[in-house]
Amino acid sequence: MRRFTAIFMALSISAASLAAQTKTIGISTDKTDLVLQVAEDGRLYQAYFGEKLLNAEDLPVIPLKKVRAGNGTFNTRAREVCSCSGNEDYFSPALGMVHADGNRSTYLYFESMTQTSVPGGKRTDIILRDKVYPVEVVLHYEAYPQENVIVSWSDICHHEKGTVRLMEQNSPLVFVEAGSYYLTEFSGDWASEARMSTQELRFGKKIVDTKLGSRANIFCSPFFEVGLDAPAQEQAGTVLMGTVAWVGNWRYTLEIDNKNLLCVSAGINPTAADYELEAGECFSTPEFIFTLSQNGTGEASRDIHDWARRYRVKDGMGRRLSLLNNWENTYFSFDEPKLAACMDEAAKLGVDLFLLDDGWFGNGSDARNNDTSGLGDWEVNHAKLPHGVPGLVKAAEKAGVGFGIWIEPEMVNPKSALYRKHPDWVIHQQDRELYTYRNQLVLDMSNPKVQDYVFKVVDDLMKENPDIKFFKWDCNSPITNIYSPYEKQRQANLYVDHAKGVTAVMRRVAEKYPEVPIMLCSGGGGRCDYSSLRYFTEFWCSDNTDPVDRVYIQWSFSQFFPAKTMCAHVTSWNSQASVKFRTDVASMCKLGFDIGFKDMSDDELQYCRTAVQNWKRLNPAIMDGDQYRLVSPYETSHMAVNYVSKDKSSAVLFTYDIHPMYSEPRLNVKLQGLDPQARYRVVEINLMPGAKSSLSGDGQVYSGDYLMKVGLDALTGRQMNSRVIELIRQ
Ligand code: DGJ
């Protein structure tokens, strides 16, 4: 039996009494140990990061492999967890500082440590101090034992006589030791987000970052997987999975030295952002959220999903609302009768909400009738909607659905009253040519007045319409031509202060309206980070709703996000694919529709209604259960995934045949996560009206053991064909 109390019995330990105590700090989950040690030189090093040791007594005896043992020993690979600029370390520093007097070296020494409980986990705070400069750095680690997730970040404070410049801003470093390392990264573009690609890492650095400021993740997502000794696999092998929680410019660096040691750092991209920190101010690095799995990415994802639902995402354990959006149905062209018809359609579909998208605001020549004007002027468009938003809320009520509304509050069109009134609220340098993205600019969220304005967009809507049931918060432009009149001489702080301002407003909204679900949207998947998701219930993975592309996109995002946070809508993209295929693909995530009845036959409509009911019934499995990725679209021409409710009473298997080859051999799909002793009835659902299942074994009862070992012959040779198979525990 492992005894945890052996390590740091006392909650707090001072430097003076340190010598008499073990110098080991254990940051542990049920599956992983991260062991730190204070070495003879008083600095803090990583002794171990790996599979959990059975005996806690073994942790303090792990020798530090590389220690700077004093005079005569010069070791450049010492695994110092908060190594700083200007020291002797080989690896790039976690923190880079220019002190007020211009000196660039910082050495941090252990001072004290406290461990406290946080919901679901244990928090460790370690205070480090420089001996020459009045600089204090507090390293924070939160370990969630059951979910095997560790969250780390650092706070930096100083009392120098002048400004300290932070050149590197990362959370504590993590060192990993293996024979070889394989990075899987997630990059892409608008409508092709998060494509997975794997490469072997060799000597030197691999950096993945963004410097777009807002809509930060258009081209790459803030998460990665590193397979140790082999590329990351779904069901086997050791894999480190990590993500940076920051809405702005993030960066992760994977650096291998000449002894093949891997150093992982995650934090802010310092490009044009060497932050100026005044005396008495504190700077927090973004959180680095990571997990180490000994059983592949599938287990790691399930652990992250559990952690996210329980401790991170807004209303993570709550119900999610299905909806009908009008964006692709009407675009900007609508009026009250047209929207009332959409609301009726929503009610007929059986979804919970009607979501009104872009185009409801702006008046006169600034009316938002296309994407060139009106953004920033959040007054309802009186010509289109004479009864205002209250009229729409009432109409939705009458139709029997909730009402949700789209906003993009951090942005402005130059063609708007807001821009003409407050050009100084906008990030851009007025002496330069205007450089817009989708005809818009980014409001300067470092400015508290702008933060108030953005908060008021939501607050005013809610005050006028307390019955609004949902928001979609969009963000379409990166920051261009960066300059802030508000920051004056502190321009270097803008990228960071802007991100902090965005986060502060998101927090304010969530605190005032904790019950209101909000979708994080950024022209598709341009925003998908665990900093924002504290304040958002879900995010829009991609504007690409072609179900074939979506299979890949959803497979990718599911590595890091639970299905209940991933919005997926049935649309008219790829009309070659059946409505059934499109709906079945969306049903493995948070289901919605963005399509008009004019684009569906009666049978298709009836099919969709049934699919909505089935999705709702299966919510305990799909939204709140465990997800098992079974067949990868990256490796085959199919995809299969099953979900099992936490009590294992309900389960569902989704299979998608994308583009099978003629006469291709097909393997049975072996389910996972079922109770092997239990018996489950296999029933194919989501069938088109009048269609009969061709699934062999449909209607039969099998043991969980059989379904997991023998499996079902569920894949087919048909193009863009799907099956939804319910497993009903007997
Ligand atoms: C981009 C979003 O991704 C779309 O869903 C839609 O809301 C448009 N913006 C509206 O302008």
Side-chain angles (χ1 to χ4, degrees), residues 188-194 212 214-219 221 247 322-334 339 342 353-362 366-378 381 384 403-413 415-416 436-443 457-458 461 468 470-478 517-529 532 536-547 549-550 553-554 557 565-573 582 586 589-596:
D189 201 339
W190 174 78
S192 62
E193 289 84 355
L212 300 177
S214 61
R215 196 178 178 176
N217 307 328
I218 322 176
F219 305 126
S221 302
V247 72
S322 55
L323 56 83
L324 173 69
N325 192 356
N326 70 311
W327 174 241
E328 298 201 9
N329 185 8
T330 67
Y331 292 105
F332 295 97
S333 155
F334 54 77
L339 294 183
C342 293
L353 280 175
F354 167 72
L355 169 61
L356 172 60
D357 214 282
D358 197 353
W360 59 266
F361 50 90
D366 294 329
R368 180 85 171 160
N369 290 326
N370 52 51
D371 65 12
T372 61
S373 60
L375 211 49
D377 301 345
W378 298 101
N381 181 301
K384 283 182 189 173
F403 178 77
I405 193 161
W406 177 99
I407 50 175
E408 191 176 2
E410 302 149 69
M411 303 278 157
V412 62
N413 285 125
K415 198 166 166 319
S416 66
T436 56
Y437 188 100
R438 206 194 183 209
N439 310 304
Q440 65 195 61
L441 294 165
V442 180
L443 290 176
V457 174
V458 179
L461 276 164
I468 287 181
F470 188 87
F471 281 91
K472 174 177 176 183
W473 178 314
D474 210 341
C475 159
N476 282 284
S477 179
I518 312 192
M519 181 203 292
L520 183 65
C521 173
S522 184
R527 267 185 182 168
C528 48
D529 62 273
S532 307
F536 287 76
T537 45
E538 54 217 79
F539 71 100
W540 182 228
C541 307
S542 175
D543 278 349
N544 185 342
T545 45
D546 176 330
D549 289 355
R550 269 284 174 151
I553 289 169
Q554 292 169 189
F557 279 117
T565 63
M566 292 169 48
C567 300
H569 295 175
V570 179
T571 72
S572 299
W573 280 57
R582 288 182 247 163
C589 293
K590 207 221 83 168
L591 177 64
F593 293 80
D594 195 350
I595 189 169

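Numbering of ligands and ligand atoms starts at 1, following listing order.
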Those protein residues which place at least one heavy atom below 4.0 Å from ligand 1: W327, D357, D358, W406, R438, K472, D474, N476, C521, G523, G524, W540, D543

Between W360 and F332, ring centroids under 6.0 Å: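 Between W360 and F332, the centre distance exceeds or equals 6.0 Å.
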
Within the 6.0 Å centroid threshold, strictly below: W473 and W540: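 That pair fails the under 6.0 Å test.
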
Atom pair CG (N439) and CG (L375), whose distance is rounded to the nearest 0.5 Å: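 With rounding to 0.5 Å, CG (N439) is 10.0 Å from CG (L375).
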
Test side-chain hydrogen bond (donor to acceptor under 3.5 Å, both in side chains) applied to R550 - qualifying residues, sequence neighbours left out: Q554

Whether S322 side chain and L591 backbone form a donor-acceptor pair below 3.5 Å: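 Flag not set: sc S322 to bb L591 has no pair under 3.5 Å.
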
Pairwise side-chain contact, N325 with K472, heavy-atom cut-off 4.5 Å (strictly under): yes

